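The structure follows.
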Protein chains: 2
Amino acid sequence: MKKFTNRSLCPISTALDIFGDKWTLLVIRDIIFEGKSSYGEFMQSAEKIATNILADRLGVLEAQELIVKEKAPGKRARHFYHPTQKAIALIPVIAELILWGNKYYPDTYTHPKSLLTDLKTDKTNTIRAYTEKLMANLNHQKEKRKT
Amino acid sequence: MKKFTNRSLCPISTALDIFGDKWTLLVIRDIIFEGKSSYGEFMQSAEKIATNILADRLGVLEAQELIVKEKAPGKRARHFYHPTQKAIALIPVIAELILWGNKYYPDTYTHPKSLLTDLKTDKTNTIRAYTEKLMANLNHQKEKRKT
DNA sequence: ATAATAAACTTGCATTTTGCAAGTAATAAT
DNA sequence: ATTATTACTTGCAAAATGCAAGTTTATTAT
């Protein structure tokens, strides 16, 4: 696993200490915008992450409390990876990244396709909608844990 | 120099292909928020970038047209590195990164210190103010080039 | 009960990137 | 002419990445 060091007390560098690489934010993207939650689903993304890198990044994300790992009920040796509030709070960052990326690389597109058009049309409400939906799931799980 | 490949047509992965590492965005930060413009100034930042990494990243940023390199008039072997519109357009991304970083790592702070409080108080106008100031400089240089 | 299948990793190893120290080239001040 | 400053380049060790293959645990099929 990657070692974790804080290079400075800058909030940008502190954020980059966690996900300043080519892969970590793509896993977050898959979880947040594509609704993916399992190892196999992450492996299927277009960028073709290597299995050892994926395992490492899931470990980092869990250690930094951006995701929680849960045993899937009944289903084989399957696990679910769910976002925490800390990951959900990255939605505005990723939304701005999408807008920037598409502005300067217009051939790019998102999954789902509507995400990009929605962001261009009404950024604030699109971010709010994704955030609220994921926060609701998060509360729903907490409820389950209580019972 | 780092080789450049597009892993997919996702705007996020395309953006990360350029600055998905621990250093590139810090150089952009120095240029945009701290008004730095020379090699020596970048070297002085708290994170202590290695000189070969800095040289590499300045090359990437120039190749990707996020900065332009200019010979400093009269002054030694000095160069200036100025942001292009493409770099200035990253301000919203970095602003959201700052807010996220400080929310989950409250000990962090920005240079200048006012930047963080301004973003918390009025994100939209803070982003606009930084953007307009840098865009004005950019236009001013174009004028100079004409004469 | 046994075998086959599937999901989620782990391991080994070659390649690439990073980090650190030292050296060099071009210009300018003294 | 000598020294200092700025912006690099080079060499090398350490770490991260990428690829292929193997392992583990659990479930389904026979």
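All chains are named by letter (A, B, ...) in the order of the sequence lines, taking the proteins before the strands, and each is independently numbered beginning at 1. In this text, all values refer to a predicted model and were calculated from it rather than measured experimentally.
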Go through the structure and list residues passing ring pair (Phe, Tyr, Trp, His ring centres under 6.0 Å) with B/Y130, not counting sequence neighbours.
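Counting only residues at least two positions away or on another chain, B/Y130 forms a ring pair (Phe, Tyr, Trp, His ring centres under 6.0 Å) with B/F33.
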
Can you run down the side-chain hydrogen bond (donor to acceptor under 3.5 Å, both in side chains) pairs that involve residues 58-68 of chain A, sequence neighbours left out, and say none if there aren't any?
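Found none.
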
Figure out the NE2/P separation between A/H79 and D/dT24, and round it to whole Å.
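Roughly 16 Å, once rounded to whole Å.
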
Applying side-chain hydrogen bond (donor to acceptor under 3.5 Å, both in side chains), run through B/S13 and B/S8 and close with a yes or a no.
CA-CA 7 Å; B/S13 96; B/S8 77; 2.8 Å; yes

Listed partners of A/K22 passing salt bridge (charged side-chain N to carboxylate O under 4.0 Å, His left out), at least two apart:
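So A/K22 forms no salt bridge (charged side-chain N to carboxylate O under 4.0 Å, His left out) with any residue.
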
Nearest whole Å is fine: how far is C/dT18 P from A/L16 CG?
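My rounded result for the distance is 13 Å.
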
Please identify each residue that fulfils side chain to side chain contact (heavy atoms under 4.5 Å, CB included) with B/S37, with sequence neighbours left out.
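B/E41, B/F80.
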
In whole Å, what is the span from the CG atom of B/L26 to the P atom of C/dG19?
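So the CG-P distance, B/L26 to C/dG19, works out to 11 Å.
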
Does B/R57 have a side-chain nitrogen or oxygen under 4.0 Å from the phosphate oxygens OP1 or OP2 of C/dT18?
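For B/R57, the contact criterion (side-chain N or O under 4.0 Å from OP1 or OP2 of C/dT18) is met.
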
For residues 110-124 of chain A, which residue pairs qualify under salt bridge (Lys or Arg N to Asp or Glu O under 4.0 Å), counting only residues two or more places apart or in two chains?
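Non-adjacent pairs meeting salt bridge (Lys or Arg N to Asp or Glu O under 4.0 Å): A/E96-A/K123.
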
Figure out the CG/C1' separation between A/D17 and C/dG19, and round it to whole Å.
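Going from A/D17 (CG) to C/dG19 (C1'), I get 15 Å.
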
Between C/dT10 (P) and A/L58 (CG): distance, integer Å:
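It is 10 Å, rounded to the nearest whole Å.
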
Quick one: list whatever passes ring pair (Phe, Tyr, Trp, His ring centres under 6.0 Å) with B/W23, sequence neighbours left out.
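Checked B/W23 against ring pair (Phe, Tyr, Trp, His ring centres under 6.0 Å); zero matches.
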
Separation of atom CG in B/L54 from atom P in C/dG19, rounded to whole Å:
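About 12 Å, once rounded to whole Å.
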
Treat primed atoms plus P, OP1 and OP2 as sugar-phosphate and everything else as base, then score nucleotides 18-23 of chain D 5' to 3': B for base contact with protein heavy atoms under 4.0 Å, S for sugar-phosphate contact only, - for none.
BB-B--

Which label fits B/H111 and B/Y109: parallel for a plane angle under 30°, tilted from 30 to 60°, or perpendicular past 60°?
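Correct class here is perpendicular.
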
So which of residues 36-47 of chain B are in contact with DNA chain D, with a heavy-atom cut-off of under 4.0 Å?
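Here the set is B/S38, B/Y39, B/G40.
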
Round to the nearest Å and state the distance from A/D56 atom CG to D/dA16 atom P.
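Rounding to the nearest Å, CG of A/D56 and P of D/dA16 are 9 Å apart.
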
Rounding to a whole Å, what distance do you find between B/I49:CD1 and C/dT17:P?
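So the CD1-P distance, B/I49 to C/dT17, works out to 16 Å.
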
By side-chain hydrogen bond (donor to acceptor under 3.5 Å, both in side chains), which residues pair with B/K133, not counting sequence neighbours?
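For B/K133 there are no side-chain hydrogen bond (donor to acceptor under 3.5 Å, both in side chains) partners, ignoring immediate neighbours.
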
